[in-house]
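Protein chains get the first letters and strands the later ones, always in sequence-line order, with residue 1 at the start of each. If you're wondering where the values come from, they're calculated on a predicted model, not measured in any experiment.
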Number of protein chains: 2
Amino acid sequence: MGKKQLIMERALELFAEQGFEPTSVQQITERCGISKGAFYLSFKSKDELIVALIDQFMSQMISNTDYQVTNMQNNELSLYNFYFTMFQASQKHSNFAKILMKEQSHSFNSELVLKFHDYDKLLEKTILTMTEKLFGERIENTKYDLVYCIKGFISIYSELILFNNVPVDLEQLAQSLVEKTNLLASQVTIPFVTKEIFQLRRLSKTEITNDQLLEVLEQSLNEAEEPLEQESLSLLKQHLLEPSLSPALVEGLLKNIQDYPNCKWIAFLLRNYLKLNSIK
Amino acid sequence: MGKKQLIMERALELFAEQGFEPTSVQQITERCGISKGAFYLSFKSKDELIVALIDQFMSQMISNTDYQVTNMQNNELSLYNFYFTMFQASQKHSNFAKILMKEQSHSFNSELVLKFHDYDKLLEKTILTMTEKLFGERIENTKYDLVYCIKGFISIYSELILFNNVPVDLEQLAQSLVEKTNLLASQVTIPFVTKEIFQLRRLSKTEITNDQLLEVLEQSLNEAEEPLEQESLSLLKQHLLEPSLSPALVEGLLKNIQDYPNCKWIAFLLRNYLKLNSIK
DNA sequence: TTGACAACTGACTAATTAGTCATTATTATA
DNA sequence: TATAATAATGACTAATTAGTCAGTTGTCAA
């Protein structure tokens, strides 16, 4: 295991126990059994480590969820699967999930807050898309409330699971939330969250630029090992520099890369970016 | 205004902006326009200030809510009033509410965590009492889930109100949540949060004692029917009173009982307890 | 065996923190 | 006004922090 990976894993444990601020670089290096200097060979600063951790987990989580929702068949299992994988992920990555719950609205580091907020918005958008797919126009007036209720369910039950050593039957949990969600979707009549409120939240939208996209793509390209992966990324890069491929070809290339762990994020970003720009 | 009050007000602002840890006593005294020494005339330590703030607001909030619930007439307005006053309070004391959301699961100060947890338990109990009053035995199986859903609603809509400068119609919000709550109360059939999970929550943070464990064991023993079940429980009881069995024997006994429905709980508790104590 | 290079170390700096205390200012009382 | 009591100050300590860097160790090719 590389030093960088070792540091990230041990730091994650400490952050989950204590939070970012109260965890010192000293503590991290002690738990790793390395010196302080060695830490700064892997990361420029403590903040860079934190950002790296957040990016690693959030991008994975968001892109997984989004892919799941995008390819969702509208059937009885869809919602169940959504909840199940959601809680399964937060159980699997419980250390990170704990940090999320603890630090998500902290403002001692404004770059961090923006990051959390951006990821939260992405998740919110994914949930909105899901509710639209599942329940369609029937819930036009109440869909934003439904999104918030789903977020509330996830938040409060995650807390229950993460912070209390309770033996958990995730299938039962998912089932019970599906029932609740369906009830609310089909019978709620009084809305509170309007489209305006919902959109106001996302005003500070930091739209991703072509250059930023290229940067992420370049990084994935460097990490790529398989020929198919490399070739697809390379073609997508050319398309990004000068659009030339038809939508179907692009979609095919995205499908090629999206199952490689280190390509999930760029696949998600590209899909969003290209969809957005084709609408313009 | 007394010094103590001044300090508490200004500190509250800073804590809401930055959190407890990153706010220094220096900053607080500067914003108050007093010296550092003066601070320590009013409070023995920074922690004492934090505890004072928490106690002041939480006790007020909890006792208000509890009074409201205790004197609740079971009518259509009860639930509405509950939600309305809840959000009204969090809007009025928005600084403190923000701190609550930010710090509630922080563990850098264990006294604080216990405090938050204690107050949270009190609120949970109040909400449980309310649901029992409002919906009675109809929701016996699902009432703990209802409590969690209500907590989820409060949490996620509070966040929306507090952290996004959104103009809010509290009456509309309360109405919409009343509708949702009534729907869930009357039609949900699949429970997730069992009585056991609900009660475990109250044990986990503060370590379970030998006596509490014996109590639960005794209860399972009374309900036991099979000889194997009875004998195993009985042996485990003796081991609990005076440790004498080797780990392998204990594990075997636990395996004996863990599949009887009414022993699952005590098996889980015992395993946790014994593992914890053997590590020491 | 030697030399070159990268990986690593931990004592160090400079900044910040909570909390202290000798000193000074203010106020109340006689 | 004089004295005592109280309130307030801010320079100070001791501890902790993130981050640095001169020096040590390990590795591998010639």
Atom of A:E229, atom of A:I257 and distance for their closest heavy-atom approach: O-CG2, 4.1 Å
Cation-pi geometry met for B:K151 and B:Y148 (6.0 Å, 45°): yes
Please give, in whole Å, the distance from D:dG26 P to A:I34 CD1? 17 Å
A:D47 CG to D:dT17 P: how many Å, rounded? 16 Å
Taken to the nearest whole Å, CZ/B:F20 to P/C:dT17 is 17 Å
Taking only N and O in the side chain of A:K44, is any of them less than 4.0 Å away from OP1 or OP2 of D:dG19? no
Would you mind reading off the distance between A:E30 atom CD and D:dA18 atom P, rounded to a whole angstrom? 12 Å
Residue met sooner reading DNA chain D from 5', once A:S24 and B:K36 are mapped to nucleotides: B:K36
Using whole Å, report how far CG of B:L41 lies from P of C:dG19. 14 Å
Heavy-atom closest pair (A:V193 atom, A:Y144 atom, distance to 0.1 Å) is O-CB, 3.4 Å
Using whole Å, what does the distance between atom C1' of nucleotide D:dT17 and atom CD of A:Q27 come to? 11 Å
By nearest-heavy-atom nucleotide on DNA chain D, the more 5' of B:F39 and A:Q26 is B:F39
Nearest heavy-atom neighbours spanning A:I7 and A:C32: CA-SG, 3.8 Å
Quick one: which of C:dT9, D:dT9, D:dG19 gets closest to the side chain of B:A38? D:dT9
Rounded to whole Å, the CD1-C1' distance (B:I50 to C:dG19) equals 14 Å
Is B:T23 touching bases, backbone alone, or none of the nucleic acid, heavy atoms closer than 4.0 Å? sugar-phosphate
Rounded distance in Å - OH (B:Y40) to P (D:dA7): 19 Å
